[in-house]
Number of protein chains: 2
Amino acid sequence: MAGAVTVRDVARLASVSASTVSRALSASELVAPHTRDRILAAARQLGYSANTSARSLITGRTSNFGLVVPDLENPYFASVTKGVQSRALSEGFAVFVADSDEDVRTEIELARKLASQVDGLILCSPRMGNRDLAAVTESTTVVLVNRQLPQVHSITVDDTEIVRQALGHLYALGHRTVAYAGGPATSWSDGQRRNGIRSALSDLPGLKVAEIGSFRPVFGGGMSAADLAVATGATAVLAYNDLMALGILSRLQARGINVPADMSVVGIDDVSAATLVSPALTTVRAPLQKVGTAAVDALIDSIFPDRPPLPPETLPVELIVRASTSVPSRPPLTSREEAGLDERSSNAHQ
Amino acid sequence: MAGAVTVRDVARLASVSASTVSRALSASELVAPHTRDRILAAARQLGYSANTSARSLITGRTSNFGLVVPDLENPYFASVTKGVQSRALSEGFAVFVADSDEDVRTEIELARKLASQVDGLILCSPRMGNRDLAAVTESTTVVLVNRQLPQVHSITVDDTEIVRQALGHLYALGHRTVAYAGGPATSWSDGQRRNGIRSALSDLPGLKVAEIGSFRPVFGGGMSAADLAVATGATAVLAYNDLMALGILSRLQARGINVPADMSVVGIDDVSAATLVSPALTTVRAPLQKVGTAAVDALIDSIFPDRPPLPPETLPVELIVRASTSVPSRPPLTSREEAGLDERSSNAHQ
DNA sequence: TTGTAGGCGTTATCAT
DNA sequence: ATGATAACGCCTACAA
């Protein structure tokens, strides 16, 4: 049994009333220093700690946050979670963490369930529709990560810039046909990146980007994407994230396709595994933990409206060049450029 | 604002009393089917959901669990967390997750803070002393992961068997001097593994194990350990976990030491990154998510004493042979066997 | 089967 | 500066 000791016990021991005990523990300057000390001593002696249920019942606040992520085993979300964690704890909040397993139904259910017992909710890369998202927004304060919605505070990385840097790098090396292995179709970030591709194309004359489809944002998804990328005749492939890029690397090696000589590979995020493989993965680094801490800051600012609200935040990114990219030293492995793949003529406007 | 709608609102709409509403939502068979339907309809219409603070104030239960892990970015703990998550949610519990950042003080503080607002606490690889641990155990129901303490339910992997399989594998390949790169000195598992080494030695005549010290259980710790391992003259190294093994692999390659020709490397856990590197890492697989689900099951069983309590559980492990181990085809890189390193003569009893 | 009444532990309001 | 009292929303005897 945890807190069998209540304010009344402390009050009795300190020979004061329950209200005074309560004050001494919160607005401590409203109580005489002498009695305050006596109360604190009594509380410590009895091992008193306030019952959070009773407190939040009357205050209407829980000092808890909720965090919903698609997959804790994805190192991207693990890092964001860690960032959320550390900042929330240092600000006095505990964090419910929920893993939706990339499933929209689960995600909605978790968000709803948590909303009722937190002061605010961080939804990380939510896949649910705008309608469901709006419903959650009605029920509690929400901060979105990797997604934007009018009127809702959000933390995003600069997806346009990610694509610009990745494609710019490959273009500078001499690549002119690049495959894009996309993430989940319901991912807002993926949409942003596809937009980013279109806008980057106008700065990179002669570049062709073949969008080869949507894949699960994990290692296995990358393995599926690899063969399609090869079939487009591309000399390089940009993946939705590092995990997919690692899967692509693995599949290419299994097929005896040399990276980077035959095919360059670029990932996104710079998760720690990116440096473990050989060749090491060229990637665009996103500030993972910082995404989490920024989300907590935004949440706290939304909850306490006295401070001026922060503007939506878009965090900077950084290209990290490693060994998985080089000049396209050999001709494309295939020239099936007319194949029935989803090769949108992305350079139509040139 | 979330739950502005209370039982009384639902009661009014359904033309019944508040208590009937309460009953309809919990012990639904105590209320007439007809009124029950009316109440449920009213509740749904108003979007009612019970205030968890008020409920737990009176019931004394929160339907929340707490989980404390040393490092969420460590894929081992990420997987355990995911397992805890999924099982807890399917049993109707939400989970507070806290990351101690491998720090004992933080860990103690987190455990104490969470203990007051949960029905049970899962402490994963806790580093705190037995005394502090016992204190936490007093304040709430606890299940330990990767540690044992009398009277406290615990889930562990079979550390003795891990070591036996790893050393047995290396021994069979012909290795006779193996370095052990240990984990944190305060880690219970590390202690178990060192015990396991001693017991394994009696089955493996002629084997020598050099314990080269305690390292941080992450990539960087492995890099530090690598040079010490080489200096012992060992032809193989067993690491406390996969992350360290990957760091060792990386450092050996940087030094131009070939794995497995010059040095075999074995990890523990089989985290997903183990297959990404080349050579792929030989490791002893632990059932990561299952550790988490088993911990939740144990917690639930401890909380509801009506069911027969489960015995402490030790989960099985499995050797996974990959490319990072082979026969010791070349002589040791060094023969400084008398060097001042922490080379306990582990085979003293032979 | 349903309603009434009381209390869980805390904080807020009001009075002293 | 401190104390008495009420109220937060719910559950659970007990009464009807």
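A, B, ... follow the sequence lines: proteins, then strands. Residue 1 opens every chain. These numbers were taken from a predicted model, which means no experiment stands behind them.
- Between Thr35(A) and the phosphate of dT2(D), there is a side-chain N or O to OP1/OP2 separation shorter than 4.0 Å.
- A donor N or O paired with an acceptor N or O is not found under 3.5 Å between the base of dA12(C) and the side-chain atoms of Ser22(A).
- Of the side-chain N and O atoms in Thr6(A), none sit less than 4.0 angstrom from OP1 or OP2 of dG9(C).
- For the pairing with Tyr76(A), the side-chain hydrogen bond (donor to acceptor under 3.5 Å, both in side chains) check across Asn146(A), Thr81(A), Asp71(A) returns one residue only, Asn146(A).
- Computed from coordinates, the Arg23(B) CZ to dC10(D) C1' distance equals 13 Å when rounded to whole Å.
- Note: CZ (Arg61(A)) to P (dT11(C)) measures 12 Å, nearest angstrom.
- Taking atom CZ of residue Arg12(A) and atom C1' of nucleotide dG3(D), one finds them 16 Å apart after rounding to whole Å.
- Salt bridge Arg127(A)/Glu102(A): present, at least one basic N to carboxylate O contact under 4.0 Å.
- For the OP1/OP2 pair of dG3(C) and a distance below 4.0 Å, the side-chain nitrogens and oxygens of Ser17(B) include at least one atom meeting the criterion.
- Classification of Asp101(B) and Lys82(A) as a salt-bridged pair holds, one side-chain N sitting under 4.0 Å from a carboxylate O.
- In this structure, the nucleotide among dA4(D), dG9(C), dG3(C) sitting nearest to the side chain of Val16(B) is dG3(C).
- A salt bridge links Glu109(A) with Lys113(A): at least one charged nitrogen is closer than 4.0 Å to a carboxylate oxygen.
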